[in-house]
Each structure stands twice: as structure tokens, then as C-alpha cells.
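For this chain, numbers begin at 1 and follow the sequence in order. If you're wondering where the values come from, they're calculated on a predicted model, not measured in any experiment.
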Amino acid sequence: MLQCIFLLSDSGEVMLEKQLTGQRVDRSICTWFWEHTVSQGDSPKLQSVIASPTHYLFQVLREGITFLACTQVEMPPLMGIEFLCRVADVLTDYLGSLNEDLIKDNFVIVYELLDEMIDNGFPLTTEPNILREMIAPPNIANKMLSVVTGNSSNVSDILPGATSSCIPWRTTNLKYANNEVYVDLVEEMDAIINRDGVLVKCEIYGEVQVNSHLSGVPDLTLSFANPAVLDDVRFHPCVRFRPWEAHQILSFVPPDGQFKLMSYRVRKLKSSPIYVKPQLTSDAGTCRVSVLVGIRNDPGKTIDSITVQFQLPSCVLSADLNSNYGTVNILANKTCSWTIGKIPKDKAPAMSGTLLLETGLERLHVFPTFQVGFRIMGVALSGLKIDKLDLKNLPKPPYKGFRALTRAGEFEVRS
């Protein structure tokens, strides 16, 4: 049972406080938490569960905002962490993204969502499609109406149809003139390449996203051609676990609209689609930079939206960088951003130039890490392939669509 939820900014300021039970949690717990976090330094490992002198704390970090929950009773830690992840996902779905200004501008909606998502410390309604029926997402028309009428509530007076259904994530009596369902494989590649060009780590985090507009109560079965590659799978509550455990088949009654059916990881991939080769040499107070980008393994589809970014070391006074393709910009925070887009067929993109070091420094001692971005439409680099999608309990065959997308996640090249 959770007793309180706090939303903290990246500076430790309490943006929102929601007491969930009659036993009030004092805000001083946030001060203790922030001091504990600062004492950990720049440790890359985030402690999801922390035991304070008075409470157990659960934390989830999203886009610089810390979702913090407190309890004084024994409870499954994963329940607290999973609920905070659901809150973050729902707020992202409602607000489009997450940042401090959006939270403050939509203060009322955030409170209304928390009121519906948890009751007396226990999770209640966490399905985004059902919440949208109960609480209208923010838009300009709603804000103007609230100003005119003086009513700031976004809660509907009509109870969602799913509350009377035996399937809590699906509205009853849905009817569509055209039945259609779309399945997307969306993957992010995380990779680390060392200064010698050796692939140290390469894995993929993927999601199966479904957009369903089907009448009645359809029963779907989705199978993969090679499910053995999947690891760390995580399912939407609509998925029946036994068919997956026995035959690696996803059997489910879908929510209406867009939702994440499952997430997964594919580990220990052997190659990446592109290469980035940085070379830095320094002497006499200057550093020469050369970076080459090209296709390592052709995925059979166009690689676009290619970007290379790196942070200039603090000892660099100025930089003069140019490229034979794309544009190079140096931002105010000393971040160098090279936007390439698509790799041309007639030449390999290259960036070169010099960095001027501060007075008294002969050589560069801190070498930057290059962050690489890219996107590939129409292919899942994990090798995962959808075999077939069967639908039952529908009056006529629906339209079925399938897509795949791979983009860079935390793709780092060290120099």
C-alpha cells in the first residue's frame, strides 16, 4: 500500500504532492531523499528502492522528473515501481511529453488522473484508453471552456463502459464500420564501441505496439517466426500467459485504440548498421579532429536521420569544425552537433577541424564520447519477424497492417 506520491524536478523541488491515505507523509522525506541522492554522486546506477529511517521509497526517473512513492508497510517492491512507471506513461500519453512546465500547466489534470489511478494506496484504473473516457485530455478548447464557465474539472459525468465489462481494459458494445488493426515493431539499439572500433555491447530494446479499431469483443492471436531471440519480455495485462509459456504465442483481447502489447530485449548482437570512426590528435595547444561515418552492414532499407553529437571538453576555448556533407553546429552548452540525414552514395560523410586548448595545456587529456542517432524504417534489426495474426469473433475479415522501425537508443562511440 502506497501512502504518498511526490513529483520532483531535476533540482529537487517538489512540484506535486499527492497524499493517498489518512496517514500523512511529511515533505521532509523529500529533503532526505534528495540529500541521499546527491551523496551518491554521479553513480550511473539508479536505486529503485531506498530504505530511509522512517519509510521505504520507490523512485522512477523520466525526462529529468523523479516520481517518488513512500510507504511504511511491507509490500512487493515491483508493485510500487510498476505503478510509478504506469503514472509516467499515462502522463506522457496525456501531455505529449514530460517536463516541469507541462506538469505545472496541467496541474489539475495530473491530480485528477492520480485520483482515478489509485484508491487508498492501491492501484485502481491504469489503462490509458479507459482513463481517456473518464478524464478529457488537455486541449485549447477545454482550457477556454474552463475559463468561460469557471469549471476546471475534466472528469466525465458518464461512467466508462469498461467498468461494467468483465474485460476491464475494453469498452463494451464497440462498433466500427471498418474493422482494422495495425501492429508495429519499434526497436531501439543500444551500443558501445570502444576507441579501437570494437563492438563492446550491442542490444535492442523493442516494443510491439498495436492500434486496434475492432467491433465487439475480438480474440487475437499473434505469433512470431523466431520467438527464441526474445528476452526479458513484459506484457500488457490483456495477454494470456499460458499460451505464451507453452507455445510463445500472444493470445489476447485488445483494448480499443493504441496500446503497448509487449516489450522485450534482444541481447549480444554482433554488428551495428553504421560505423563512426573518430580520430583526435593533439600537440602545441591544439587538437585535430577527424570523424568518418559510413554503412557497416546494409540492412536493406534506407538509414536516415543520422546525427553525431559530442560534448567539447571544458579545456577547449574554441572550435573550428567543418564537414563535406551535412551541417555542423556548436551549441551554447559546448555541444557539437553534426546533422547528416542520409548517407550519399558517392562519398562518405567526414567532419574535420581543430580545437584550440586553453593556455598552458599542450595536449588534450579528456576525450569526448560521441552520441550517434539514426532511424531505419521497415526493418527490425533484432531479426524478430511476425509470422501471422489471427482474429476471431468478428463479423467480417478486418484490414491488418504491419510495420517495423529501428532507431538508435544509447549508441556511444568512445574516442
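- Of all heavy-atom pairs between Val208 and Tyr264, the closest is CG2-CE2, 4.0 Å.
- Annotation: side chain of Ile274 is in contact with side chain of Ile303 (closest heavy-atom distance under 4.5 Å).
- Scored by the side-chain contact (heavy atoms from CB on, under 4.5 Å) test, Arg24 finds Glu17, Gln19 as partners (sequence neighbours excluded).
- Glu116 is listed as a side-chain neighbour of Leu131, based on a closest heavy-atom distance under 4.5 Å.
- Ser28 is linked by a side-chain contact (heavy atoms from CB on, under 4.5 Å) to Asp26, counting only residues two or more places apart in sequence or in another chain.
- Here Phe402 and Tyr182 keep their ring centres 6.0 angstrom or further from each other.
- Under 3.5 Å, the side chains of Asp320 and Thr354 contain no donor-acceptor pair of N or O atoms.
- In this structure, the side chain of Ser215 engages the main chain of Tyr176 through a donor-acceptor pair within 3.5 Å.
- No more than 12 heavy-atom neighbours from other residues, nucleotides or ligands sit within 6.0 angstrom of CG on Asn178.
- Remark: the backbone N or O of Asp196 is paired with a side-chain donor or acceptor of Asn194 at under 3.5 angstrom.
- Rounded to the nearest 0.5 Å, atoms CG (Leu355) and CG (Leu321) are 5.5 Å apart.
- Heavy atoms of other residues, nucleotides or ligands lying less than 6.0 angstrom from CD of Glu180 number more than 12.
- Surrounding OH of Tyr56 are at most 12 heavy atoms belonging to other residues, nucleotides or ligands under 6.0 Å away.
- Between Thr221 and Ile249 the shortest side-chain heavy-atom distance falls below 4.5 Å.
- Using a 4.5 Å heavy-atom threshold, the side chains of Met117 and Val90 count as touching.
- The two residues Met75 and Gly80 come nearest to each other via the heavy atoms CE-N, 3.8 Å.
- In terms of modelled atom types and a separation under 3.5 Å, the side chain of Lys201 and the main chain of Leu269 share no donor-acceptor contact.
- By the ring-ring contact (aromatic ring centres under 6.0 Å, His included) test, Phe310 is found to be paired with Phe370, residues two or more places apart in sequence or in another chain being considered.
- With sequence neighbours excluded, the residues satisfying ring-ring contact (aromatic ring centres under 6.0 Å, His included) with Phe107 are Tyr111.
- With sequence neighbours excluded, the residues satisfying side-chain hydrogen bond (donor to acceptor under 3.5 Å, both in side chains) with Tyr205 are Glu207.
- Side chain of Trp169 to backbone of Thr126: no donor-acceptor contact under 3.5 angstrom is found.
- For His236 (side chain) and Cys238 (main-chain N/O), a donor-acceptor pair under 3.5 Å exists by modelled atom type.
- In plain terms, the two heavy atoms of Pro137 and Ile109 that are nearest each other are C-CD1, 4.4 Å.
- Under the 3.5 Å distance criterion, with hydrogens and angles disregarded, no donor-acceptor pair is assigned to the side chains of Asn329 and Ser337.
- Side chains of Val328 and Asn322 form no contact here, defined as non-hydrogen atoms less than 4.5 Å apart.
- For Glu203, the side-chain hydrogen bond (donor to acceptor under 3.5 Å, both in side chains) partners two or more places apart in sequence, or in a different chain, are Arg265, Arg267.
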Margin query: Let's go through Arg414 and Val200 carefully: what are the C-alpha distance in whole Å and the side-chain angles of both, what is the deciding distance for side-chain contact (heavy atoms from CB on, under 4.5 Å) to 0.1 Å, and is it a yes or a no?
Written below: CA-CA 11 Å; Arg414 296 171 179 172; Val200 177; 5.9 Å; no
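- The pair Glu245-Arg240 does not count as a salt bridge, with every side-chain nitrogen at least 4.0 angstrom from each carboxylate oxygen.
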Side-chain donor-acceptor pairs of residues 62-73 under 3.5 Å, sequence neighbours excluded:
unit_1 : atom_1 : unit_2 : atom_2 : d
Arg62  : NH1    : Asp89  : OD1    : 2.9
Arg62  : NH2    : Asp89  : OD1    : 3.4
Thr71  : OG1    : Met1   : O      : 2.6
Thr71  : OG1    : Val73  : N      : 3.3
Gln72  : OE1    : Gln23  : NE2    : 2.8
Gln72  : NE2    : Thr54  : O      : 3.4

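- Put simply, the side chain of Leu405 reaches to within 4.5 Å of the side chain of Met377, judged on heavy atoms.
- In this view, Phe374 and Phe411 satisfy the ring-ring contact (aromatic ring centres under 6.0 Å, His included) rule, not counting sequence neighbours.
- Shown here is Lys277, whose NZ atom has no more than 12 heavy atoms of other residues, nucleotides or ligands within 6.0 Å.
- Minimum interatomic distance between His213 and Gly257 (heavy atoms only, all atoms of both residues): CE1-CA, 4.3 Å.
- A donor-acceptor pair under 3.5 Å is absent between the side-chain atoms of Trp32 and the main chain of Pro53, judged by distance alone.
- With sequence neighbours left out, Gln248 forms a side-chain hydrogen bond (donor to acceptor under 3.5 Å, both in side chains) with no residue at all.
- Pro299 approaches Ile376 most closely through the heavy-atom pair CG-CD1, 3.9 Å.
- Taking Phe235 as the reference, Trp244 meet the ring-ring contact (aromatic ring centres under 6.0 Å, His included) condition, with sequence neighbours excluded.
- Checked by atom type and distance alone, the side chain of Arg170 pairs as donor or acceptor with a backbone atom of Gly216 at under 3.5 Å.
- Using a 3.5 Å distance cut-off with no hydrogens or angles, the side chains of Thr335 and Gln311 do pair a donor with an acceptor.
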Result block: side-chain N/O donor-acceptor pairs under 3.5 angstrom for residues 378-394, not counting sequence neighbours:
unit_1 : atom_1 : unit_2 : atom_2 : d
Ser382 : OG     : Glu187 : OE1    : 3.3
Ser382 : OG     : Glu187 : OE2    : 2.5
Ser382 : OG     : Leu384 : N      : 3.2

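- Taking a 6.0 Å sphere around CZ of Arg403, one finds it holds 12 or fewer heavy atoms contributed by other residues, nucleotides or ligands.
- Enclosure of atom NZ in Lys18 by more than 12 non-hydrogen atoms of other residues, nucleotides or ligands within 6.0 angstrom is indicated.
- The nearest pair of heavy atoms linking Ile330 to Ala319 is CD1-CB, 3.5 Å.
- In this structure, the side chain of Asn99 engages the main chain of Leu102 through a donor-acceptor pair within 3.5 Å.
- Contact check for Ser415 versus Pro368: side-chain heavy atoms found under the 4.5 Å cut-off.
- Considering only residues two or more places apart in sequence or on other chains, Asp304 meets the side-chain hydrogen bond (donor to acceptor under 3.5 Å, both in side chains) condition with Arg375.
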